[in-house]
*Asks:* 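Here you go, one structure.
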2 protein chains.
Amino acid sequence: MTGGLAGQPTAEQPTTAASKSERAYAWLVERIARREYAPGYRLVLATIAAELDMSVVPVREAIRRLEAEGLVTFERNVGAHVAMIDDSQYRQSMETLAVLEGAATALAARRLTPADLRRAREVNRRLVESLDDFDPHTFTALNQEFHAVLFAPCPNPRLLELVSAEWARLGRLRDSTFAFVPGRAQESVREHEGIVGLIEAGAPLADIEEAAREHRSATLTAYLHHEHPGEQR
Amino acid sequence: MTGGLAGQPTAEQPTTAASKSERAYAWLVERIARREYAPGYRLVLATIAAELDMSVVPVREAIRRLEAEGLVTFERNVGAHVAMIDDSQYRQSMETLAVLEGAATALAARRLTPADLRRAREVNRRLVESLDDFDPHTFTALNQEFHAVLFAPCPNPRLLELVSAEWARLGRLRDSTFAFVPGRAQESVREHEGIVGLIEAGAPLADIEEAAREHRSATLTAYLHHEHPGEQR
DNA sequence: GACCGACCATTCGTATACGATCCGAGAGAT
DNA sequence: ATCTCTCGGATCGTATACGAATGGTCGGTC
């Protein structure tokens, strides 16, 4: 391993700072995020190990971690696949996110400084601009940034952890809703302004929470209507 | 490796249905749950492997899984310890649970049958009875059962997953709040009745959600007041 | 006597090895 | 020709082996 070749013995390269399993994890997340490994892709331990120049053991660990986080599915004696999210799961996760983000936004509201609000508006302005030549990916990225600014000062890190874990599951596995229902984007940025306004005005936290939640739910509803026009729910 | 001892060759015992890593996982959860391995306990791979009569590899996998779920902490090249939850984390998790459970209860409300409500009341009646000779553990178990009945029909399994994951983190790692603030128990059962009443009466979902959330938050507040009477928050 | 540095035991991290399991392809029978 | 059974390749699951990092202890020095 690394054969005892006489490298710079004194050079304390902290390159090895991360363990191999961590590198494998990061590498896989990267690939999944950029859809090089698309949902459904078969992950073969030995292949990945070879590509990363390590044994299967760390790769295995990385994959199990991804499984725990819901990014890959794993079947005994069969192997791992990049997770696929069906409509039902998508709906559930979005609904959950609506709840979590709504709460986080409300908890953060009183801690947002004027500077934060300015920054939020700035991001939203860029969202408006991006409407011109619409690209779902760009829009989604900015959209997430907008909301991140709003709930960043939330005093409950645990809540934020759950939010970002859920986004990781979703954002990386499925194209943004806006790719399916571009029309939703316009409404969305309008609602953003409304939320910032509520916060600025010191509105009751319950109102802020509801607005944030509804905002997210509306995106989901738009998607469902678009995909399954018949259904009620 | 089960040393080739001549077991019943034809007996297709599906005992081996679960992989070793799964067995190790279940075993560890069990030990942690029953506080045989208390918070802070050092988990040594080789020791556990020996006790379970397997190699360290599956044990390692089980521990990493527990880490992902937040039940153990893991430090590189040092090892794993059963997670300890400090006041701050406890507060955050309870707050998060208040949000999640509130939402789950509201989503489930319209789907609860009269039979469900009867069952909830029955559990609450047992809670009242248990107040006589108060045992925090029994009380907490019944308490969780009560709430589980209420949000079981929640149509969003993902939300329920997060709820139970969070309870696993907490319930297994720290004694119930009621051990610290027994007085809270009385209020708690009264509030239960209020929540069931709201659901039965078909109250607005927002009201139900708020009641459920407040109910959980109140427990937290009681604890904080008891432990840190000075602080305002 | 107290502080500092080197040694050793313990335990983790990863590689390699091998048996177990699954899936598909090809031979054989109907 | 089609269906079935068997065999073989591919891949996973776990054991064992060994280098590497950590933490504590012992001995040396000021």
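Letters go in sequence order (proteins before strands), and every chain restarts at 1.
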*Asks:* If you assign each of A:Glu75 and A:Asp53 to its closest nucleotide in DNA chain C, which residue comes earlier from the 5' end?
*Replies:*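 Between the two, 5'-proximity favours A:Asp53.
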*Asks:* Main chain of A:Thr140, side chain of A:Asn143: is a donor-acceptor contact present, judged purely on distance under 3.5 Å?
*Replies:* no
*Asks:* Of the nucleotides C:dT11, C:dC22, D:dT11, which one has an atom closest to the side chain of A:Val78?
*Replies:*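 Nearest nucleotide to the side chain: C:dC22.
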*Asks:* Measure CG/B:Leu43 against C1'/C:dT10 and give the value in whole Å, please.
*Replies:*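 Rounding to the nearest Å, CG of B:Leu43 and C1' of C:dT10 are 16 Å apart.
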*Asks:* Without decimals, in angstroms, what is the distance between B:Arg76 CZ and C:dT11 C1'?
*Replies:*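 B:Arg76 atom CZ is separated from C:dT11 atom C1' by 13 Å.
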*Asks:* Only one of B:Glu166, B:Glu209, B:Glu101 forms a salt bridge (Lys or Arg N to Asp or Glu O under 4.0 Å) with B:Arg216, so which one is it?
*Replies:*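 Among B:Glu166, B:Glu209, B:Glu101, the one meeting salt bridge (Lys or Arg N to Asp or Glu O under 4.0 Å) with B:Arg216 is B:Glu101.
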*Asks:* In whole Å, what is the span from the CZ atom of A:Arg23 to the C1' atom of C:dG13?
*Replies:* 13 Å
*Asks:* Please answer whether the main-chain N or O of A:Arg184 pairs with a side-chain N or O of A:Ser188 as donor and acceptor at a distance below 3.5 Å.
*Replies:* no
*Asks:* Does any residue of residues 55-65 of chain A have a heavy atom under 4.0 Å from DNA chain C, and if so, which ones, in number order?
*Replies:* A:Ser55, A:Val57, A:Pro58
*Asks:* Can B:Arg64 be said to sit on top of B:Phe74's aromatic six-ring, NZ or CZ under 6.0 Å from centre and within 45° of the ring axis?
*Replies:*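 Here B:Arg64 passes the 6.0 Å and 45° test against B:Phe74.
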*Asks:* Out of D:dT14, D:dT11, D:dG13, which has the shortest distance to the side chain of B:Lys20?
*Replies:*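 The answer is D:dT14, which lies nearest to the side chain.
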*Asks:* Give a yes or no answer on whether the side chain of B:His81 reaches the backbone of B:Gly40 with a donor-acceptor pair at less than 3.5 Å.
*Replies:*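 A pair under 3.5 Å: yes.
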*Asks:* Please determine whether a side-chain nitrogen or oxygen atom of B:Ser21 lies at a distance below 4.0 Å from atom OP1 or OP2 of D:dT14.
*Replies:* yes
*Asks:* Atom CG of B:Leu45 and atom C1' of D:dA15: how far apart are they, to the nearest Å?
*Replies:*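 Rounded to whole Å, this separation is 15 Å.
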*Asks:* Please give, in whole Å, the distance from D:dC12 P to A:Asn77 CG?
*Replies:*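 Rounded to the whole Å, the gap is 10 Å.
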*Asks:* B:Ser130 side chain to B:Leu127 main-chain N or O, any donor-acceptor pair under 3.5 Å?
*Replies:*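 Checking the backbone N and O of B:Leu127 against the side chain of B:Ser130, a donor-acceptor pair under 3.5 Å is found.
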*Asks:* Report the distance from atom NE2 of B:His81 to atom C1' of C:dT11, rounded to the nearest whole Å.
*Replies:* 11 Å
*Asks:* Report the nucleotide, chosen from D:dT22, D:dT11, D:dG13, that has the shortest atom-to-atom distance to any side-chain atom of A:Phe74.
*Replies:*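 Of the candidates, D:dG13 comes closest.
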*Asks:* Any sub-3.5 Å donor-acceptor pair from A:Ser164's side-chain atoms to A:Glu161's backbone N or O?
*Replies:* yes
